[in-house]
Amino acid sequence: MLEEVLLPTAAAATAGGLAAYAVRGKSARLIAPSLWHGDRKRPALALTFDDGPSESTPALLELLAEHNAKATFFMCGRNVRRLKEIAREVAAAGHEIGNHTDSHPALYFKSPEFMYREMALAQQSIAQITKSTPRLFRAPYGVRWPGLRRSQERLHLTGIMWTAIARDWKWPASRVSRLLLKKAQKGAILCLHDGRELQRAPDIRATLEAVEFEVPILKERGFSLESVTEILR
């Protein structure tokens, strides 16, 4: 009798774990294809910044320029329309721009039509305002849901996850820096945030301080800081 109870429970737990992995696992490809690292033979890695642009993005651009570092910015369409000039500054500085949906929704339980509209509106806004058409897509919160694969295909977008994510929206700069320096490796894709979803004038001091501290160390270790597309080649 006990086995009859335990076996279905164990099966349900296993199925639940697999489903959770498919939705949020960084290396999962079942729901929608995505990449989470680049070439592991070359000493290069990618810094990526989500949720922007924000009013503090120009300060981040200055830090990156000081160290001749390139990055990839996954932008929300609504933020791009609100801060057009800052979005253009990112493109003008030679950084790569990716699609991060229009309004930063978690895609759990969302219909294929909803996901496509979110992605297509962001794609249109970014392309029109920055003159740069995204080729990469990162789902908010890393959540993928059935139907996302088709939306990526329709918009010719490659899904990108991360090797490591810095919880810079809640951790102090010192902890963010320790994590990213620990996870830095050939081909790594490191995820930070130059915005906080759709907040106006968000406090990203932890992000800025972490970047200011860690970038010189990464360069001293021999890493080239490149766009995601560059480290994937």
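The first residue of the sequence shown is numbered 1, and numbering continues consecutively from there.
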Engineer: Closest heavy-atom contact between Phe114 and Pro105?
Structural biologist: CE2-CG, 3.8 Å

Engineer: Please answer whether the main-chain N or O of Val228 pairs with a side-chain N or O of Thr72 as donor and acceptor at a distance below 3.5 Å.
Structural biologist: yes

Engineer: Is any side-chain heavy atom of Met119 closer than 4.5 Å to a side-chain heavy atom of Gln152?
Structural biologist: yes

Engineer: In Å, rounded to the nearest 0.5 Å, how long is the span from CD1 of Ile231 to CZ of Arg40?
Structural biologist: 10.5 Å

Engineer: Check whether more than 12 heavy atoms from other residues, nucleotides or ligands sit under 6.0 Å from atom NZ of Lys110, and answer yes or no.
Structural biologist: yes

Engineer: Nearest 0.5 Å, what's the CE-OG1 distance between Met75 and Thr101?
Structural biologist: 13.5 Å

Engineer: Can you find a heavy atom in the side chain of Leu64 that is under 4.5 Å from one in the side chain of Phe49?
Structural biologist: yes

Engineer: Are any of the side-chain heavy atoms of His193 and Ile165 separated by less than 4.5 Å?
Structural biologist: yes

Engineer: Can you measure from CG (Leu157) to CD (Gln123) and round to the nearest 0.5 angstrom?
Structural biologist: 4.5 Å

Engineer: Could you tell me whether the side chain of Leu232 reaches within less than 4.5 Å of the side chain of Ile160, counting heavy atoms only?
Structural biologist: yes

Engineer: Locate the shortest heavy-atom distance separating Ala69 from His95; write the atom from each residue and the value.
Structural biologist: O-CE1, 3.3 Å

Engineer: Quick one about Arg196 and Thr207 (side-chain donor to acceptor, distance below 3.5 Å, no hydrogens or angles considered), yes or no?
Structural biologist: yes

Engineer: With a 4.5 Å cut-off on side-chain heavy-atom distances among I, L, V, M, F, W and Y, is there a chain of contacts connecting Ile204 to Leu180?
Structural biologist: yes

Engineer: Start with the C-alpha distance between Glu89 and Thr57, add both sets of side-chain angles, then the distance that settles side chain to side chain contact (heavy atoms under 4.5 Å, CB included), and finish with yes or no.
Structural biologist: CA-CA 9 Å; Glu89 286 180 32; Thr57 300; over 6 Å; no

Engineer: Less than 4.5 Å apart, side chain to side chain, heavy atoms only: is that true for Ile189 and Met161?
Structural biologist: no

Engineer: For Lys41 and Gly187, indicate whether the former's side chain and the latter's backbone hold a donor-acceptor pair under 3.5 Å.
Structural biologist: no

Engineer: In Å, rounded to the nearest 0.5 Å, how long is the span from OG of Ser227 to CD1 of Ile97?
Structural biologist: 12.0 Å

Engineer: Closest heavy-atom contact between Phe73 and Asp194?
Structural biologist: CD2-OD2, 3.6 Å

Engineer: Determine whether Arg81 and Ile129 make a side-chain contact, defined as any pair of heavy atoms from C-beta on separated by less than 4.5 Å.
Structural biologist: yes

Engineer: I'd like to check Phe137 versus Leu148 (side-chain heavy atoms, cut-off strictly below 4.5 Å). Are they in contact?
Structural biologist: yes

Engineer: Report yes or no: do Val176 and Leu63 belong to one cluster of Ile/Leu/Val/Met/Phe/Trp/Tyr joined by side chain heavy-atom distances under 4.5 Å?
Structural biologist: yes

Engineer: Let me confirm one number: the CD1-SG distance from Ile126 to Cys76, rounded to the nearest 0.5 Å.
Structural biologist: 8.5 Å

Engineer: Hey, does the side chain of Asp51 reach the backbone of Glu197 with a donor-acceptor pair shorter than 3.5 angstrom?
Structural biologist: yes

Engineer: Measuring from atom NZ of Lys170 to atom CZ of Arg175, what distance do you get when rounded to the nearest 0.5 angstrom?
Structural biologist: 8.0 Å

Engineer: Identify the heavy atoms of Glu230 and Arg42 that sit nearest to each other, and give their distance.
Structural biologist: O-NH2, 3.4 Å

Engineer: May I ask you to test the Leu181-Arg221 pair for a side-chain heavy-atom distance under 4.5 Å?
Structural biologist: yes

Engineer: When you group the ILVMFWY residues by side-chain heavy-atom contacts below 4.5 Å and let the links chain together, are Phe74 and Leu121 in the same group?
Structural biologist: no

Engineer: Verify the distance criterion only: is there a donor paired with an acceptor across the side chains of Arg135 and Thr229 at less than 3.5 Å?
Structural biologist: no

Engineer: Stepwise, does the side chain to side chain contact (heavy atoms under 4.5 Å, CB included) test hold for Asn79 with Ser54?
Structural biologist: CA-CA 7 Å; Asn79 287 338; Ser54 76; over 6 Å; no

Engineer: Say whether Leu60 and Leu190 are linked into one hydrophobic cluster, either directly or through other cluster members, by side-chain heavy-atom distances under 4.5 angstrom.
Structural biologist: yes

Engineer: Quick one: do His67 and Leu225 satisfy side chain to side chain contact (heavy atoms under 4.5 Å, CB included)? Show the steps, please.
Structural biologist: CA-CA 9 Å; His67 298 285; Leu225 305 183; 5.9 Å; no

Engineer: Before giving the answer on side chain to side chain contact (heavy atoms under 4.5 Å, CB included), spell out for His100 and Arg138 the whole-Å C-alpha distance, their side-chain angles and the decisive distance to 0.1 Å.
Structural biologist: CA-CA 5 Å; His100 199 45; Arg138 176 175 283 159; 4.0 Å; yes

Engineer: So if you build clusters from Ile, Leu, Val, Met, Phe, Trp, Tyr with side-chain heavy-atom gaps below 4.5 Å, do Val211 and Leu179 land together?
Structural biologist: yes

Engineer: Work out which heavy atom in Glu214 is nearest to a heavy atom in Leu47; give both atom names and the distance.
Structural biologist: OE2-CD2, 4.0 Å

Engineer: For residues Ala139 and Leu107, report the shortest heavy-atom separation together with the two atoms involved.
Structural biologist: CB-CD1, 4.3 Å

Engineer: Between Arg82 and Glu55, does at least one N-O distance fall below 4.0 Å, as a salt bridge requires?
Structural biologist: yes

